[in-house]
Chemist: 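Handing you a structure now.
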There are 2 protein chains.
Amino acid sequence: MDIRQLQTLVAVADTGSFSGAAAVVNLTPSAVGQQIQALEAELGVTLFDRRKRPRQLNAKGEELLRAARQVVQTMTEARMAISGGRTAGMLNFGAIRTVSMHLVPQAFAEMRDAYPDLSFDLTVGMSERLMSDVAAGRLDAALVAENVGVPASLSWSPVLTEPLVLIAPRAEAWRSDLSLLTDLPFIRYVTEVPLSRQIETELAALSVSPREIVATNTMPSVIGFVQADLGVAIVPKIALLNAGTGTLHTRPFCEGAITRRVGLVQRQVSSRSEVLARLRQAFFKVAQMHGLGAEEMPVVDSTGG
Amino acid sequence: MDIRQLQTLVAVADTGSFSGAAAVVNLTPSAVGQQIQALEAELGVTLFDRRKRPRQLNAKGEELLRAARQVVQTMTEARMAISGGRTAGMLNFGAIRTVSMHLVPQAFAEMRDAYPDLSFDLTVGMSERLMSDVAAGRLDAALVAENVGVPASLSWSPVLTEPLVLIAPRAEAWRSDLSLLTDLPFIRYVTEVPLSRQIETELAALSVSPREIVATNTMPSVIGFVQADLGVAIVPKIALLNAGTGTLHTRPFCEGAITRRVGLVQRQVSSRSEVLARLRQAFFKVAQMHGLGAEEMPVVDSTGG
DNA sequence: ATGTCAAATGAAGATATTCTTCAGAAAAAT
DNA sequence: ATTTTTCTGAAGAATATCTTCATTTGACAT
C-alpha cells in the first residue's frame with residue numbers, strides 16, 4: 001500500500017470525484033481509478049458505493065479515509081521536519097506559570113542567535129490543558145509538570161527538577177522542619193494543579209497535619225503571606241525568583257528529596273522538532289544556571305544533514 | 001513511499017540490522033537495503049550512519065522512524081477495523097460517574113445479543129482523565145462531557161443531552177425559580193469536574209448569587225442535603241435516577257435551556273469502530289428511554305461488507 | 001597486523017507495478 | 001434526445017522491486 005494511494009483517496013473524498021482528484025494529484029482519472037482499485041484489492045473490500053453516481057464512500061471507505069488523513073498528515077509533518085524543518089515563523093509555546101516568568105523568557109533569549117527568524121507566542125496555563133493543546137495542534141510544545149497522562153502521540157522529556165523548599169520568616173530560622181510545620185501556621189496553596197496535590201500528599205506521607213491559617217490560590221500571595229510573618233509554606237524553589245528572598249528563611253524540604261519534575265511535551269512527529277531540540281537544550285542551560293538542572297544534559301545529534 | 005518501506009524501517013530499528021529486518025519482513029537483505037535506499041532517495045537525505053557497523057539511525061532517521069511507527073500503527077488498526085473489526089474480547093470503556101450507574105449498564109445489556117463474545121471493562125473517572133486514557137490507548141472509548149479539549153487523533157460525538165434541573169424540598173414547590181435560588185440556602189457541588197464549573201457559570205450569567213450553606217463534593221450527598229430540607233440545588237436530571245424523587249420537587253432549570261451534553265470519545269482510527277458505532281446507538285436508545293435523547297439518532301452505514 | 005566472519009552493497013535479470021493513451025459505457029445535465 | 005461529464009477497461013510503455021550471486025566493508029579475535 002503506497003502513501004500516494006492514500007493521498008489520492010483523500011483527494012477523492014475532498015473533491016467528490018475521481019477526475020477532480022486526478023487534477024489534484026496530477027494524474028489521469030484512469031490512474032486514480034486504478035489506485036482505488038488497488039486499495040480495494042489489497043484490503044479485499046469495496047470502498048465506494050458504485051451504484052450512486054457521485055461515488056460515495058461506504059463505511060469501510062470512511063474507516064480507511066480517517067486512517068489515510070492521519071497517515072498523510074504525519075508523513076507531511078515528517079517530510080517537513082526532515083527537509084530542514086520549520087525553523088522560522090511563529091512557535092506556539094505553552095508553559096506552566098512557575099516557569100513562565102524567568103526560565104522561559106531566558107531560554108527564548110538564548111534562541112535568538114541560532115534562529116533569528118523565529119518568533120514566539122507564549123501561552124500560560126495548567127499542565128493538563130497545555131498537554132491537550134499540544135495534542136490538538138494548537139501549541140507546538142509546552143513545559144508541563146510530570147505525572148499527567150501523556151497520550152501516545154506525544155512525548156514528554158524532563159527538562160528541570162525543582163526542589164520544593166520550606167519558607168518561613170527570618171526570625172523562625174532556628175526551628176526544625178517539624179517545628180516549623182507544626183508549631184507555626186501553614187499557608188496553604190489551593191488550586192487544581194498537580195503541584196498543590198503533590199504538596200498535600202507529601203505532607204500526609206510525613207504524618208504532618210499543619211495548622212492551616214490561610215489558603216490562597218496564587219504562588220506570589222503564598223510568598224507574600226510568609227513575608228508578612230503569618231506562617232510557613234512549601235513552594236517550588238523557582239517561585240522564589242520573583243520575590244526578593246531577603247526577608248525569608250529558605251531551606252530544602254525533606255533535605256531536597258521531594259522534587260517536582262517539569263518537562264517538554266511535543267508531538268512525536270513534528271515539523272518543529274529541530275527547533276524544539278535546540279530549545280530543550282536552552283532550557284537545560286538556563287535551568288542549570290538556576291541550580292535546577294535535571295539529570296543529564298541532552299545530546300543533539302547533528303549528523304545526517 | 002510505500003508503507004512496506006516504513007515497516008521495514010521499523011523492523012531495522014527493532015532488530016538492529018538489515019539482515020535481521022529481512023527475516024522479519026520476509027525479504028532478502030538486499031531488498032531491505034534497496035528499500036532503505038529508496039526512502040533515502042525520495043527524501044534526499046541519508047537515514048543511517050554508514051561508517052559504524054551496527055548501522056545506526058541518525059537524527060533524520062529517528063525522525064522518520066517515529067513517523068513510521070505511527071503510520072504502521074494506524075494502518076494496522078485500520079486494516080483490522082476494515083476486515084471485520086474486533087467484535088470479541090474485552091472492550092475497555094470509560095464513563096463519567098453520572099452515566100455509569102444506569103445508562104452504561106443498560107446500554108451494555110443491549111449489546112449482549114448482537115455481540116455475545118464481547119465483554120466489558122468499565123472505568124469510572126473524570127472527563128479529562130478518561131479522554132487522555134482513550135488517547136493513550138488504555139481505553140477503547142469513553143462517555144465524557146462536552147467542552148473538554150479534544151485532541152486531533154480523537155473524535156467526540158454527542159450521545160445525550162442532560163437538562164440541568166432545580167431540586168427543592170416538596171414544601172417549597174410554590175416558589176419561583178428566582179425565589180428558590182435567592183430565598184433558600186443553596187447546596188453547592190464543588191469538584192474539579194466541568195459540571196460544577198458550568199453550574200457556577202450559568203448562575204453567574206443569571207446574576208444570581210445564592211446564599212451558600214453547604215458545599216459537598218458528591219452528587220448523592222447534594223441530593224441528600226436537599227432531601228433533608230436544607231436547601232435547593234442544581235443537578236443533572238440523570239443524577240435523580242438514583243434517589244427516589246418522592247420527597248423532592250423537581251423542575252427544569254431555565255425552562256430546560258441549560259443543558260449539558262455528554263458524548264462518546266474514541267480514536268479516529270480504531271479496530272473497535274464497528275462495535276463502538278453499535279454501542280453509540282445503544283446509548284441513544286437508552287438515553288431516549290430516559291428522556292435524555294440528543295438531537296438525532298445516528299445512522300449506521302452497513303454497506304460495503 | 002591480519003585473518004575471519006557476519007553483514008551490507010552492487011549489478012543483472014526476471015517479475016510486478018503503475019502510469020498514459022485511447023476507446024467505450026454510464027450516469028447527469030441540457 | 002443529445003450533449004457532457006465521469007468512470008472503467010485493455011494495451012503497451014515506463015518504472016519499480018524482488019532475487020541471485022558476487023564483492024566489499026567493518027568489527028572482532030587471534
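Letters go in sequence order (proteins before strands), and every chain restarts at 1.
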Chemist: Round to the nearest Å and state the distance from A:F48 atom CZ to D:dT6 atom P.
Modeler: 15 Å
Chemist: Identify whether any heavy atom of B:Q5 sits under 4.0 Å from a base atom; if not, whether one sits that close to sugar-phosphate; answer base, sugar-phosphate or nothing.
Modeler: sugar-phosphate
Chemist: Is B:E77 salt-bridged to B:R86, going by a charged N under 4.0 Å from an acidic O?
Modeler: no
Chemist: Of all the choices, D:dA27, D:dT6, C:dT9, which nucleotide is nearest to the side chain of B:K52 once you look at every atom?
Modeler: D:dA27
Chemist: Quick check on DNA chain C: between B:Q34 and B:S19, whose nearest nucleotide comes earlier from the 5' end?
Modeler: B:S19
Chemist: Give a yes or no on whether the backbone of A:G263 and the side-chain of A:E146 come within a donor-acceptor separation of less than 3.5 Å.
Modeler: no
Chemist: Please pick, from D:dT6, D:dT8, D:dA27, the nucleotide with the shortest atom-to-atom distance to any side-chain atom of B:P54.
Modeler: D:dA27
Chemist: Does a sphere of radius 6.0 Å around CD in B:Q56 hold more than 12 heavy atoms from other residues, nucleotides or ligands, not counting ones at 6.0 Å or beyond?
Modeler: no
Chemist: What's the closest nucleotide to the B:A38 side chain, out of D:dT17, C:dC19, D:dT8?
Modeler: D:dT17
Chemist: Would you say that A:D133 contacts A:R129 through its side chain, given a criterion of any heavy-atom pair below 4.5 Å between the two side chains?
Modeler: yes
Chemist: Does B:S30 get its side chain close enough to the base of D:dT20, under 3.5 Å, for a donor-acceptor pair?
Modeler: yes
Chemist: State, to the nearest 10°, the angle formed by the axis through the first five base pairs of the helix from C:dA1-D:dT30 to C:dT30-D:dA1 and the axis through its last five.
Modeler: 40°
Chemist: Starting from P on D:dT17, measure out to CD on B:Q37 and report it in whole angstrom.
Modeler: 12 Å
Chemist: Whole angstroms only, please: what is the CZ-C1' distance between A:R50 and D:dT8?
Modeler: 9 Å
Chemist: Kindly indicate, with the supporting measurements, whether the criterion side chain to side chain donor-acceptor pair (under 3.5 Å) is fulfilled by A:T74 and B:Q70.
Modeler: CA-CA 8 Å; A:T74 68; B:Q70 208 159 300; 4.9 Å; no
Chemist: If you check every side-chain atom of A:Q35, which of D:dC18, C:dT18, C:dC19 has the closest atom?
Modeler: C:dC19
Chemist: Can you tell which of C:dT9, D:dG9, D:dT19 lies closest to the side chain of B:L27?
Modeler: D:dT19
Chemist: From C:dT21, D:dT8, D:dT19, pick the nucleotide closest to the side chain of B:T28?
Modeler: D:dT19
